[in-house]
Structures are given as structure tokens and as C-alpha cells.
Amino acid sequence: MRDQPPFRLGILGSGQGSNFVALAEACARGSIPAQIALVLSDVPDSGILARARERQLPARYLPPGKFRTKLEPEAELAYAQALREAQVDLVALAGFMRVLKGEFLHAFEGRIINIHPSLLPSFPGLEAWKQALAHGVKVTGCTVHFVNAGVDAGPIIGQQAVSVLEDDTPETLHQRIHAAEHDLYPKCVAALARGEIRVEGRLVRWTAPAFPLSGATSKAQ
Ligand code: GAR
């Protein structure tokens with residue numbers, strides 16, 4: 001029997017790259033059956049590019065153009081072209097701080113996912129952990145979701161809850177959310193790479209027995 005070609009991941013990030021590291025380590029130890037084909041960043045000296053290069057993975061800075069919160073249309077085409085050339089099966093956003101628009105979404109329809117530091121639909125947008133603290137919620141967390149034309153609005157693949165503590169600062173809360181992200185994101189990407197995720201409109205079904213992605217207590221317990 002011929003082996004399947006490996007599932008290829010493209011990763012986009014703007015920051016320190018800790019979620020990228022979690023994904024790269026899970027690929028390296030085989031818990032995600034995939035290889036990282038390309039890492040792209042809109043920030044030339046970002047941690048994510050440094051972390052990728054340390055691991056000898058293909059990593060490129062692509063200029064975003066003149067806008068602050070989105071890619072210029074030409075830049076968006078360049079990102080899409082680079083990912084197409086790298087033959088990626090899935091684009092995983094890992095702290096990519098720009099909204100992706102029409103052409104890009106069209107090129108990778110249904111194949112772009114994101115991790116967000118709150119339990120969506122609560123607190124979309126920037127610095128979600130600060131929004132959670134300011135709102136006074138007692139539980140927040142992180143969400144992995146498909147990317148659509150809305151902001152942090154696509155079908156939800158998985159979530160992990162994090163308690164908010166009385167003495168939390170933005171930093172301590174974000175730190176614990178980060179730790180939850182590093183657990184959740186590889187599990188979701190692994191399920192996608194194994195073809196264990198089915199999307200029915202807004203709803204995402206896990207077709208293989210999954211771990212309790214919501215952190216909720218199951219009826220059987
Ligand atoms: C993560 O907390 C991620 O959820 C967030 O940026 C951080 C990146 O950290 N993304 C967003 O807020 C997107 N709306 P990392 O660079 O260490 O992975």
C-alpha cells in the first residue's frame with residue numbers, strides 16, 4: 001500500500017510564536033500527523049520566524065503593505081501564492097494580528113483556522129483576556145475556530161476553559177490562557193489532519209471519539 005502524502009501545514013503569526021512551537025513540537029513527536037510546510041509573518045523580527053528558523057523550517061517575512069489591521073490586496077495575493085506553492089492543506093493562524101479578506105479566504109475556503117484567547121463568541125477582537133477581566137467574568141479560555149469573513153466568528157472547532165482568579169492581572173490570566181492554547185491547538189489540528197472533523201453549516205462535528213473539548217463534565221461521569 002502506498003503511503004498517503006503528508007498533511008501540510010502553513011502557519012501565519014505576528015508574535016512570539018508560542019502556539020507555533022506547540023504545533024511544531026506536536027508534529028515532531030507525531031501527535032499531529034502533519035509537517036509544517038511554511039511559516040509566514042508580517043513582522044520581520046518576530047519570535048515566530050526565529051523559532052521556525054531554529055527548527056530549520058521554511059520561514060519567510062512577507063511585507064503586509066500600508067494598512068495596520070489587514071493585508072494590502074497585493075500582499076494578500078503574495079501570502080496566498082506562497083502558501084499555494086508550499087502546497088499547504090491547512091492554514092493555521094497562530095497570533096496573526098491582521099484580518100484576512102476575500103481573495104485569501106476564497107483561495108483557502110474552509111481550510112483556515114485560528115486560535116483566539118477567549119471563549120467565543122465572548123470577547124472577539126484584540127486583547128480578549130483584558131476584555132474578560134474588565135467584564136468580570138469568572139471563566140474565560142480559548143477557542144479554535146474556522147476563519148470566515150467575520151472577526152473571530154467562524155464555526156467553533158474546540159474550546160478550553162480557564163478560571164479567572166481573584167488576584168489575576170492581565171499578564172497572569174493571559175499566561176494561563178496561553179498554556180490552555182498550547183494544549184488545545186495541537187489537538188484540534190491533529191483531528192483536522194486525521195480527517196476527523198466534519199462541518200455542518202455552523203456546527204463542527206468530531207467524527208472520532210474526542211477528548212472533552214469543552215472541559216465540561218460528560219453525562220457518563
Ligand atoms: C495567542 O494568545 C493567540 O490566541 C492570540 O495571540 C497570541 C499569540 O501568541 N491571537 C489573537 O488574539 C487573534 N485574535 P503566540 O505568538 O505566543 O502564539
Side-chain angles (χ1 to χ4, degrees), residues 9-28 32 36 38-55 57 59-62 64 67-71 79 90-101 104-105 112-135 137 139-162 164 168-189 213 215:
L9 283 177
I11 301 184
L12 269 57
S14 312
Q16 58 178 356
S18 70
N19 278 290
F20 156 75
V21 170
L23 294 174
E25 286 177 353
C27 289
I32 299 178
I36 295 176
L38 184 61
V39 177
L40 293 176
S41 181
D42 57 332
V43 179
D45 56 354
S46 57
I48 189 171
L49 288 180
R51 301 289 87 74
R53 288 177 184 136
E54 281 163 17
R55 289 170 170 74
L57 291 169
R60 285 170 63 190
Y61 160 68
L62 283 182
F67 301 118
R68 210 170 46 84
T69 58
K70 61 179 183 177
L71 295 172
Y79 274 73
L90 182 73
V91 178
L93 308 184
F96 190 65
M97 300 315 276
R98 288 168 192 272
V99 180
L100 295 165
K101 298 282 182 186
F104 191 95
L105 298 182
I112 312 170
I113 62 171
N114 181 42
I115 183 138
H116 182 78
S118 74
L119 294 176
L120 291 171
S122 291
F123 314 127
L126 293 177
E127 300 190 316
W129 61 95
K130 285 191 186 167
Q131 297 184 51
L133 270 184
H135 200 91
V137 295
V139 179
T140 183
C142 54
T143 302
V144 175
H145 63 94
F146 285 102
V147 173
N148 64 12
V151 176
D152 302 322
I156 289 172
I157 301 167
Q159 294 187 302
Q160 196 152 308
V162 173
V164 180
D168 258 330
T169 63
E171 291 69 36
T172 58
L173 180 57
H174 192 200
Q175 215 171 26
R176 291 203 311 291
I177 293 174
H178 249 138
E181 291 182 333
H182 302 160
D183 191 38
L184 178 69
Y185 213 3
K187 287 172 177 164
C188 293
V189 174
L213 271 169

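For ligands, and for the atoms within them, numbers begin at 1 and follow the listed sequence. Quantities reported herein were computed from a predicted structural model and do not represent experimental measurements.
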Contact check, side chains of I113 and H145, non-hydrogen atoms, under 4.5 Å = no

By salt bridge (Lys or Arg N to Asp or Glu O under 4.0 Å), which residues pair with D152, not counting sequence neighbours?
-> none

Rounded to the nearest 0.5 Å, the CG atom of L93 sits from the CG atom of L12 at a distance of 6.0 Å

Could you point out which residue of N114, V91, V99 forms a side chain to side chain contact (heavy atoms under 4.5 Å, CB included) with V147?
-> N114

Do side-chain atoms of T140 reach the backbone of V162 as a donor and acceptor pair under 3.5 angstrom?
-> no

Would you mind listing each N/O atom of ligand 1 next to any protein N/O under 3.5 Å, plus the distance?
| from | atom 1 | to | atom 2 | distance (Å) |
| --- | --- | --- | --- | --- |
| ligand 1 | 2 (O) | H174 | NE2 | 3.2 |
| ligand 1 | 2 (O) | E181 | OE1 | 2.9 |
| ligand 1 | 2 (O) | E181 | OE2 | 3.2 |
| ligand 1 | 4 (O) | I115 | O | 3.4 |
| ligand 1 | 4 (O) | E181 | OE2 | 2.4 |
| ligand 1 | 9 (O) | H178 | NE2 | 3.0 |
| ligand 1 | 14 (N) | H116 | ND1 | 3.4 |
| ligand 1 | 16 (O) | Q16 | N | 3.3 |
| ligand 1 | 16 (O) | G17 | N | 2.8 |
| ligand 1 | 17 (O) | Q16 | NE2 | 3.1 |
| ligand 1 | 17 (O) | S18 | N | 2.8 |
| ligand 1 | 17 (O) | S18 | OG | 2.5 |
| ligand 1 | 17 (O) | H178 | NE2 | 3.2 |
| ligand 1 | 18 (O) | S18 | N | 3.4 |
| ligand 1 | 18 (O) | N19 | N | 2.9 |
| ligand 1 | 18 (O) | N19 | ND2 | 3.0 |

Can you say whether the rings of H174 and W129 are parallel (under 30°), tilted (30 to 60°) or perpendicular (over 60°)?
-> parallel

